[in-house]
Asks: 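Would you mind keeping the following structure in view while I ask a few things?
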Amino acid sequence: MKVLVTGGAGFIGSHLVDALLARGDEVTVLDCFDDAYDPRLKERNLHGSAATVVRADIRDLDAVLPLMQAADGVVHLAARAGVRESLADPLLYESVNVRGTAVVLEAARQSAETRGRAVPVVFASSSSVYGARGPGRFTEDSGADSPVSPYAATKRCGELLAHAAWAGAAVPVTCLRFFTVYGPRQRPAMAIARFFELAQNGDPLPIFGDGSAIRDFTFVSDAVSAVLASLDQPDGFRVLNIGSDAPVRLLDLVAAIGEISGQPLKLAHLPVQNGDVPRTHADISRARAALGWAPQISLQEGLRRYFAWSQAGAR
Ligand SMILES: NC(=O)c1ccc[n+]([C@@H]2O[C@H](COP(=O)([O-])OP(=O)(O)OC[C@H]3O[C@@H](n4cnc5c(N)ncnc54)[C@H](O)[C@@H]3O)[C@@H](O)[C@H]2O)c1
């Protein structure tokens with residue numbers, strides 16, 4: 001299978017590229033190596049990879065269309081990620097995440113028209129679309145129309161554009177709502193990467209609020225296996241939660257990081273940040289049924305793998 005991966009140089013994308021190549025797929029990466037974090041890390045992510053790498057912007061239809069025409073499927077991961085950063089630059093998020101997704105979907109529509117067969121799309125959505133919720137698991141049908149950050153709003157817009165592409169032009173799209181993905185190569189600003197780094201340096205770990213916030217974490221290989229299953233079994237338009245269904249309190253996460261890193265931790269309590277939500281908890285029954293998918297890596301195991309990777313000096 002020939003697969004186009006937008007954002008394939010990034011954290012999740014580079015793991016996906018490795019997995020696709022390992023099973024014998026032909027992979028083209030479209031990535032602009034943006035400066036959201038050090039682009040050299042993205043170059044390192046793909047170092048020695050057999051994927052074809054095209055440096056281009058997803059907002060450029062002329063660049064995306066020929067790549068789409070050569071593909072049997074596309075995984076659309078390219079985006080500006082990060083909730084807090086989106087509050088500082090909502091227009092950039094709107095441009096890359098909304099316009100960029102519209103261009104990818106339009107390229108899929110035009111390719112299907114030219115070739116007479118659909119190009120299945122897998123779109124990286126986010127648990128942030130659920131906004132601030134009370135207790136209980138988040139189900140895909142429970143509404144997602146009260147985002148609390150520009151990032152979340154752009155991901156919801158992407159889902160709506162995807163629905164329109166399916167309804168109006170029969171572009172099959174699976175929207176995967178990823179719940180905080182972590183693992184080796186993760187974006188340096190993400191909590192687990194930062195916490196391990198600060199712990200190693202003996203610096204205080206920032207805890208926003210009282211530490212009772214709850215997060216459902218997904219190890220990157222579990223996110224990748226969900227993408228592969230979605231690509232292999234397209235089925236019209238669908239939205240699927242991808243998480244662990246085993247959420248943890250922030251303070252328990254920090255304690256586990258202290259234990260694994262073997263460092264005594266200092267905590268710095270700070271006010272809750274705008275855009276943060278108090279809890280996330282994935283109901284993953286729909287993904288289990290639709291894809292035959294299930295998460296395999298516990299948080300303890302995932303944190304151990306992350307720590308081993310960071311100790312090996314890979315970053
Ligand atoms: N990591 C998570 O916890 C998480 C959770 C939910 C959803 N997601 C989504 O998954 C996707 C991948 O996230 P990630 O954590 O790997 O982020 P990442 O920043 O590591 O990867 C994104 C990639 O997209 C590229 N990119 C950005 N703008 C581009 C543009 N205009 N044209 C071409 N390429 C562009 C970047 O250079 C980067 O390589 C994103 O869509 C993100 O919103 C991630």
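In what follows, residues are counted from 1 in the order of the sequence shown.
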Asks: Is any NZ, NE, NH1 or NH2 atom of the basic residue among Glu43 and Arg55 found under 4.0 Å from an Asp or Glu carboxylate oxygen of the other?
Replies: yes
Asks: Taking the side chain as every heavy atom from C-beta outward, state whether Leu20 and Val5 have any pair of such atoms under 4.5 Å apart.
Replies: yes
Asks: Answer yes or no: does atom CZ of Arg40 have more than 12 heavy-atom neighbours from other residues, nucleotides or ligands under 6.0 Å?
Replies: no
Asks: On a heavy-atom basis, which atom in Leu205 and which in Leu265 lie closest, and how many Å separate them?
Replies: CD2-CD1, 4.2 Å
Asks: Asp60 side chain to Asp62 main-chain N or O, any donor-acceptor pair under 3.5 Å?
Replies: yes
Asks: Ile284, Val227: one ILVMFWY side-chain cluster at the under-4.5 Å cut-off?
Replies: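 The answer is yes; both residues are in one hydrophobic cluster.
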Asks: Tell me, do Ile260 and Gln300 make a side-chain contact under 4.5 Å, heavy atoms counted?
Replies: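 Side chain of Ile260 against side chain of Gln300, heavy atoms only: contact under 4.5 Å found.
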Asks: Taking distance alone, no hydrogens or angles, what donor-acceptor pairs closer than 3.5 Å link side-chain atoms of residues 192-200 to residues at least two apart or in another chain?
Replies:
{"from": "Gln200", "atom 1": "NE2", "to": "Gln311", "atom 2": "OE1", "distance (Å)": "3.4"}

Asks: Do Leu4 and Val224 land in one hydrophobic cluster if side-chain heavy atoms of ILVMFWY residues count as linked below 4.5 Å?
Replies: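 Unlinked, Leu4 and Val224 end up in two clusters.
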Asks: Could you tell me whether the side chain of Trp293 and the main chain of Asp222 form a donor-acceptor pair under 3.5 Å?
Replies: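 Side chain of Trp293 to backbone of Asp222: a pair is present.
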Asks: A side-chain contact here means heavy atoms from C-beta on lying under 4.5 Å apart; do Gln110 and Glu113 qualify?
Replies: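 The answer is no, as the side chains (C-beta and beyond) never meet within the 4.5 Å cut-off.
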Asks: Okay, side chain of Thr154, backbone of Asn97: is any donor-acceptor separation there less than 3.5 Å?
Replies: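 No.
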Asks: Under the side chain to side chain contact (heavy atoms under 4.5 Å, CB included) rule, collect the residues that match up with Arg137, sequence neighbours excluded.
Replies: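 If we apply the side chain to side chain contact (heavy atoms under 4.5 Å, CB included) test to Arg137, skipping adjacent residues, the hits are Asp245, His281, Asp283.
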Asks: Between the side chain of Arg99 and the main-chain N/O of Glu94, is any donor-acceptor distance below 3.5 Å?
Replies: no
Asks: Using only heavy-atom distances, determine whether the side chains of Thr180 and Arg215 contain a donor-acceptor pair under 3.5 Å.
Replies: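 Arg215 and Thr180 do not have a side-chain donor-acceptor pair below 3.5 Å.
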Asks: Would a single hydrophobic cluster contain both Tyr93 and Val96, if residues Ile, Leu, Val, Met, Phe, Trp and Tyr are joined by side-chain heavy-atom contacts under 4.5 Å?
Replies: no
Asks: Return yes if some donor-acceptor pair links the side-chain N/O of Thr101 with the main-chain N/O of Val98 below 3.5 Å, else return no.
Replies: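 No; judged by distance alone, with no hydrogens or angles, the pair does not exist.
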Asks: Taking side chain as C-beta onward, heavy atoms only, is Thr28 less than 4.5 Å from Lys2?
Replies: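 No. Closest side-chain heavy atoms not under 4.5 Å.
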Asks: How close do Arg133 and Phe138 get, heavy atom to heavy atom, and via which atoms?
Replies: CB-CE2, 3.4 Å
Asks: Give me the atom names and distance for the closest heavy-atom approach of Asp216 to Ala246.
Replies: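 Nearest heavy atoms, Asp216 then Ala246: OD2-N, 4.0 Å.
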Asks: Counting neighbours of CG on Asn201 that are heavy atoms of other residues, nucleotides or ligands and sit closer than 6.0 Å, is the number greater than 12?
Replies: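 Yes, CG of Asn201 has more than 12 neighbouring heavy atoms, counting only those of other groups under 6.0 Å.
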Asks: Please answer whether the main-chain N or O of Ala294 pairs with a side-chain N or O of Gln296 as donor and acceptor at a distance below 3.5 Å.
Replies: yes
Asks: For His269, check ring-ring contact (aromatic ring centres under 6.0 Å, His included) against everything at least two apart and list the hits.
Replies: none
Asks: Does NZ or CZ of Lys42 come closer than 6.0 Å to the centre of the six-membered ring of Tyr37, within 45° of the ring's axis?
Replies: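 Positive - Lys42 is close enough to the ring of Tyr37 and near enough to its axis.
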Asks: Is Val248 reachable from Ile297 through a run of hydrophobic residues whose side-chain heavy atoms are each under 4.5 Å from the next?
Replies: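 Ile297 clusters together with Val248.
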Asks: Quick one: are Pro295 and Phe219 in side-chain contact, heavy atoms under 4.5 Å?
Replies: no
Asks: Judged by modelled atom types alone, do Ser125 and Glu159 share a side-chain donor-acceptor pair under 3.5 Å?
Replies: yes
Asks: Leu41 versus Pro188: any side-chain heavy-atom pair under 4.5 Å?
Replies: yes
Asks: Can a side-chain donor-acceptor contact be found between Tyr130 and Asn241 if the only test is distance below 3.5 angstrom?
Replies: yes
Asks: Can you get from Phe33 to Phe11 by hopping between Ile, Leu, Val, Met, Phe, Trp and Tyr side chains that sit under 4.5 Å apart?
Replies: yes
Asks: Which heavy-atom pair separates Ala108 from Val171 by the least distance, and what is that distance?
Replies: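 Shortest heavy-atom separation between Ala108 and Val171 comes out as CB-CG1, 4.0 Å.
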Asks: Keeping Ser14 on the side-chain end and Gly10 on the backbone end, is there a donor-acceptor pair under 3.5 Å?
Replies: yes
Asks: Looking only at heavy atoms, which two atoms of Val173 and Ala162 are closest? And how far apart?
Replies: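 For Val173 and Ala162, the tightest heavy-atom pair comes out as CG1-CB, 3.7 Å.
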Asks: Any donor-acceptor pair under 3.5 Å linking the side-chain atoms of Arg279 with those of Ser212?
Replies: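 Absent: no donor and acceptor within the cut-off.
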Asks: What are the two closest non-hydrogen atoms of Ser230 and Thr174, and how far apart are they?
Replies: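 Closest heavy-atom pair between Ser230 and Thr174: OG-CG2, 3.7 Å.
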Asks: Strictly distance-based, threshold 3.5 Å: is any side-chain N or O of Lys155 a donor or acceptor partner for the main-chain N or O of Ser127?
Replies: no
Asks: Looking at Tyr306, does the NZ or CZ of Arg185 lie under 6.0 angstrom from its six-membered ring centre and within 45 degrees of the ring axis?
Replies: no
Asks: Is any side-chain heavy atom of Tyr182 closer than 4.5 Å to one of Val220?
Replies: no
Asks: Any donor-acceptor pair under 3.5 Å linking the side-chain atoms of Ser221 with those of His15?
Replies: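 Distance-only check fails for His15 and Ser221.
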Asks: Measure from NZ or CZ of Arg80 to the centre of the six-membered ring of Tyr151, then state whether that distance is under 6.0 Å and the direction lies within 45° of the axis.
Replies: no
